[in-house]
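Here the structure is a predicted model, which means the values were calculated and not measured. Because only heavy atoms are used, hydrogens play no part in the values below, and waters and symmetry mates are left out as well, while side chains stay in. In the text below, chain A, chain B and the rest are named by the order of the sequence lines, each starting its count at 1.
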Amino acid sequence: MGYLDALRNITIADIKVDLMRTAYDNDDALLNAFDPRVVIIWSAIFVVVPWFFYEPEPLFAMLVASLLLAYLSQTSVYLLALLIWGSLSNIGFIVILSSVVYWWQGGSGGLQSAVVDNSVALLPFTMKLTVISVVSLAAFSAMSPKKLAKGLLSLGVPRPFTFAIAYGYRMMPVLLEEYHDLVNSLRLRNKAPEHSGLLRWRYYLYLLKLAIKAFYPMTFNVAKRSRVTVEAMETKGFSHSLGNEASRELRLGDLEIRPRDVTFMLVSLLFVVVVAVYL
Amino acid sequence: MSTTNQQTENLFSFDNQDMMVFILIMSLHGLQMMFAELLPSFSLGGLELELGPFLFISYTLVFLFRSFWACLAVPVGGIVFGEILIGDFSAFGAVESLLMITISLYIATTMISDPKDVKWLAVLAVVAKGLEELAAQFIDVGKFYVGVESLEAIEWLPETIWAVEIAGATTQVIIAGIIFGALPMMYFYPRMRGKIEPLLGMEPVEGHPSGKRINGDTLKGLLAWVVLTPIAFVFEAFSETSGAFLIFEPKFVEVYGEIFFAVPIVAAAIVAYTVVYYRQSTGA
């Protein structure tokens with residue numbers, strides 16, 4: 001057990017807490033205060049809007065605004081970093097690869113200037129991708145699963161699918177917890193390799209095998225749980241209510257678009273217009 | 001609980017047992033995706049070398065229950081746990097995985113002639129992964145050709161993209177399809193068959209009624225695969241509007257100016273405000 005293990009254990013625990021906070025703690029989130037349909041449509045618009053801008057300045061303004069929004073929506077910092085890193089590394093790879101090929105083919109200006117040229121050419125593109133990821137992350141992680149499911153349902157997504165969303169959110173922490181416990185109990189009952197080998201590869205291979213084997217008891221537990229879930233749902237008349245119009249109306253009855261939803265939409269569109277005109 | 005054999009029923013009929021199977025596969029596939037996210041991975045653009053995803057659990061369960069809904073549960077689990085949950089959800093992009101993963105798995109399940117022949121099942125797991133990656137590769141390269149006009153400024157990009165896509169698909173089939181797919185499945189499948197079905201009030205599913213590996217359903221599935229790939233491509237291309245918008249950019253903005261975009265936006269906003277106020281004043 002070295003420093004690396006301590007670090008890894010902390011991060012996994014942190015990530016678990018972080019994910020749970022993302023999924024459940026959204027009462028104070030800014031975007032959670034609005035009607036889910038408005039937020040879904042809003043995020044659909046703002047996933048498209050960045051594509052209309054080609055200069056770095058307005059895109060930078062949008063990036064700052066989307067990050068602010070993500071902060072107000074209590075988005076998980078870990079996920080945010082992961083997303084931004086994802087888009088940066090993807091683009092970075094293309095820049096480096098194409099520059100190297102260009103240089104290798106005897107392009108003028110040498111390797112360094114090829115890298116600089118390609119990065120500058122792709123900078124707006126990178127920012128667009130980042131704005132889009134941050135906006136959708138803010139919107140979808142700020143809404144509580146119940147609200148999101150309702151919003152999607154009223155926009156015409158089939159009910160079994162919206163049920164799957166709500167169920168997934170509810171079950172995710174339970175599943176993660178149970179799986180973690182199973183892996184830990186397998187670790188208690190197994191013997192770690194005595195010689196961990198170069199870079200501790202034997203030890204990691206051993207952990208990986210345990211992680212795979214833990215799915216065996218896990219599957220039976222989940223099977224029992226899904227049977228209980230379906231039985232509980234049926235006692236509440238789930239399949240009976242599937243095609244029932246009255247049930248749908250009851251379910252969506254408290255959805256209402258209020259003036260503040262429109263204000264939210266208007267302010268954000270105004271922001272885009274201001275950015276488009278003045279930057 | 002009834003113990004009807006799935007295959008005597010219509011392909012798309014959905015009963016309580018299908019719902020249980022759906023929830024089971026969706027949860028476990030989602031769990032393994034979330035877990036695989038935490039494992040170290042080495043990614044170079046399109047080329048990914050990572051531990052996992054642990055597709056063996058998804059393949060084992062799909063081959064055990066072998067209904068259309070079991071196949072559909074895999075992409076749904078991926079979307080719910082892997083995309084919506086972490087907020088990285090693109091509605092149109094999700095359609096691609098819904099269509100292609102479902103049909104690729106379905107083709108594999110129709111080819112099960114003998115449910116006890118684990119080696120053949122391992123081959124089928126690789127077939128399913130291969131079909132999925134083949135479609136994904138066509139779609140990715142096709143996306144590039146749609147957006148080619150804007151990207152041809154960078155030399156050697158077409159060759160680079162082809163090479164990266166083919167290498168990426170191959171490594172995916174080897175790592176996710178074989179090492180973390182077919183091989184652990186050969187360990188899990190025989191141990192679970194006959195044990196997990198009773199928990200859901202079902203009997204183990206038998207082989208395909210025709211008894212042949214390649215039968216009518218397989219051919220129908222392959223036909224659907226061929227038809228669905230371009231449809232999935234359209235959705236995927238639409239979700240990443242990059243190509244389309246980049247192409248007509250300069251002239252469009254020069255002629256009308258960026259203010260042009262504000263006009264319909266403001267008009268729509270005013271209409272929306274009016275409608276909401278009107279509905280509030282009349283509704284309450």
Shortest non-hydrogen contact between B/Gly194 and B/Pro204, atoms and distance: CA-CG, 3.9 Å

Over all atoms of both residues, closest heavy-atom pair of B/Ile79 and B/Ser97: CD1-OG, 3.8 Å

How long is the straight-line distance from [atom2] of [Y] back to [atom1] of [X], given to the nearest 0.5 Å?
X        : Y        : atom1 : atom2 : value
A/Thr229 : B/Met19  : OG1   : CE    : 9.0 Å
B/Leu28  : A/Ser226 : CG    : OG    : 8.5 Å
B/Cys71  : B/Phe63  : SG    : CZ    : 8.5 Å
A/Arg227 : B/Ile23  : CZ    : CD1   : 13.0 Å

Closest-packed option against chain B by number of heavy-atom pairs under 4.5 Å, given A/Ile212, A/Ile165, A/Ile45: A/Ile212

Close contacts, residues 186-193 of chain B versus chain A, judged by heavy atoms under 4.5 Å: B/Tyr187, B/Phe188, B/Arg191, B/Met192

B/Phe180 and B/Phe54 aromatic ring geometry - parallel, tilted or perpendicular at 30°/60° bounds: parallel

Candidate pair B/Val80 and B/His29, rule side-chain contact (heavy atoms from CB on, under 4.5 Å), full reasoning: CA-CA 10 Å; B/Val80 169; B/His29 181 76; over 6 Å; no

For [X], which atoms come within 4.5 Å of any heavy atom of chain B: side chain, backbone, both, or neither?
X        : answer
A/Tyr216 : both
A/Tyr179 : side chain
A/Leu148 : side chain
A/Thr219 : both

Side-chain touch B/Trp69/B/Met20, heavy atoms, less than 4.5 angstrom: no

Heavy-atom side-chain proximity of B/Pro184 to B/Tyr59 below 4.5 angstrom: no

Please look at [X] and chain A and tell me whether the side chain, the backbone, both or neither of the residue comes under 4.5 angstrom of a heavy atom of that chain.
X        : value
B/Met26  : side chain
B/Leu199 : both
B/Ile25  : neither

